[in-house]
Amino acid sequence: MSYTKEDILRISKEENVRFVRLQFTDLLGAIKNVEIPVSQLTKALDNKMMFDGSSIEGYVRIEESDMYLYPDLDSWLIFPWVAENRVARLICDVYLPDGNPFPGDPRGILKRNLKEAEEMGFTSFNVGPEPEFFLFKTDEKGNPTNELNDQGGYFDLAPTDLGENCRRDIVITLEEMGFEIEASHHEVAPGQHEIDFKYADALKAADQIQTFKLVVKTIARQHGLHATFMPKPLFGMNGSGMHCNQSLFQGKVNAFVDESDELGLSKTARHFMAGTLKHARAFAAITNPTVNSYKRLVPGYEAPCYVAWSASNRSPMIRIPASRGLSTRVEVRNPDPAANPYLALAVLLKAGLDGIKRELSLPAPIDRNIYIMSEEERVEEGIPSLPADLKEALNELIRSEVICDALGDHALAHFYELKEIEWDMYRTQVHQWERDQYITLY
């Protein structure tokens, strides 16, 4: 829905809203907010609400900390789980005191890349995300345990699927908040779930991913459970992905459609996919941003680890779903839900646009199961692997002019520094596996 300043002030009074969260996202994808009493709402709507950016991950130094929150009025939403003294939220863009957008604001970075697409004649970049999550039981203090909520499998139902009631309450809450839910189901691994919501333009889709995560965690907590979007919480089980279904539109026309093509794909779609494949190893640091992400991207657990595409095979990184016409889309399967959605969609778009600009040639599809191919066969077919770990991904990122440009100098420098620290902490830690293997052997 579209809202004016007057609409928001009127609704807040009618609905007894007492507090408003001015929400934004840090560089690592964590949701942050400044909560204000409703008496300060007019000030916030006039873009006069200031906050200290020096304590936010990836933002600025203490000597340049003053920043302003500019609310997106169309993001106005009242949280349905508070009956009295209600709480609403507005998603904000971050601005500098001089009135310019803050170059490290992830939402602003996505907006900048969307503007590039618009300048190329594409009026919208539509994205249908599929974030997966696990439900774990909590202890008497409410802290997460390692015990899953159920032992169900793909498409199971109660009583095997003990997360069904929680998942159903999540869907009801999301619908109350304006989401159009298309499906929800138990995923492959025990305790794993997926809820699919309708595609939207990329900015709204990223906003929805952040809202979705907040709702899932909030409702799970009400059921005495802990929801996690950690990519690979348990060894020997499937990890959680966030497949991204993408299409570019020119007005009401899907630019990926060509009915005369054998697969129904336009040259634009093929160039877009070629760009995605070419830059996949570089943007992996953004779409798969944690040490844990790369424990999901291994053979045997349905997660893609090879840079290839197919219209009939789920083992490559890119799949073309069967729907055609307006629903023709490219499904990129390597992103995971730990990714900052604004940065992830920005680099996915930038990679595809580079393929269109340079008219990159799309390699032949790989319609065989890549998991059972030998290394020699993969080399012969020209199938690279995604990075094996975060360090390799960071090395690829820093070498890519296109993906670095998508992020901008500020975000790139801070993201790279934060992830180098993360890798170094992981690299120097002594893990339980090492003690189990070596402490009696040597």
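Quick caveat: nothing in here was measured; it's all calculated off a predicted structure.
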Exercise. For D26, does its backbone N or O pair with a side-chain atom of N340 as donor and acceptor, under 3.5 Å?
Worked result: yes
Seminar exercise, completed: Closest non-hydrogen contact found for E377 with R368 is OE2-NH2, 3.2 Å
For this session: State plainly whether the residues K111 and D105 are in salt-bridge range, i.e. N to O under 4.0 Å.
Result: no
Exercise. Taking L277 as the fixed residue, which of I383, I318, L360 is the one that meets the side chain to side chain contact (heavy atoms under 4.5 Å, CB included) rule?
Worked result: I318
Exercise. How about Y70 and Y95: are their ring centroids closer than 6.0 Å?
Worked result: yes
For this session: List the steps, then state whether salt bridge (Lys or Arg N to Asp or Glu O under 4.0 Å) holds for R324 with E259.
Result: CA-CA 9 Å; R324 291 295 182 267; E259 294 180 357; over 6 Å; no
Exercise. What's the verdict on ring-ring contact (aromatic ring centres under 6.0 Å, His included) for F24 and F51, showing C-alpha distance, side-chain angles and the deciding distance?
Worked result: CA-CA 11 Å; F24 58 102; F51 76 103; 4.8 Å; yes
Problem set entry | Salt-bridge contact E376-R378 (side-chain N to carboxylate O under 4.0 Å) | no
For this session: Taking the side chain as every heavy atom from C-beta outward, state whether M317 and V332 have any atom pair closer than 4.5 Å.
Result: yes
Exercise. Which heavy atom of F212 sits nearest a heavy atom of P131, and at what distance?
Worked result: CE2-CG, 3.6 Å
For this session: First locate atom OG of S323, then atom CZ of R329, and finally report the distance between them rounded to the nearest 0.5 Å.
Result: 5.0 Å
Exercise. Is the distance between the ring centroids of H226 and F136 less than 6.0 Å?
Worked result: no
Exercise. Is a salt bridge present between K350 and D354, judged by a nitrogen-to-oxygen distance below 4.0 Å?
Worked result: no
Exercise. Is W309 close to I366 at the side-chain level, that is, under 4.5 Å between some pair of heavy atoms?
Worked result: no
Exercise. Any side-chain heavy atom of F79 sitting closer than 4.5 Å to one from R86?
Worked result: no
Problem set entry | Salt-bridge criterion met for E14 and R10 (N-O under 4.0 Å) | yes
Problem set entry | Ring centre gap for F272 and F256 strictly below 6.0 Å | yes
Exercise. What are the two closest heavy atoms between P106 and L27, and how far apart are they?
Worked result: CG-CA, 4.1 Å
For this session: Using a strict cut-off of less than 4.0 Å between a Lys/Arg side-chain nitrogen and an Asp/Glu carboxylate oxygen, indicate whether D201 and K204 qualify as a salt bridge.
Result: no
Exercise. Out of curiosity, I78 CD1 to M177 CE, how far, rounded to the nearest 0.5 Å?
Worked result: 10.5 Å
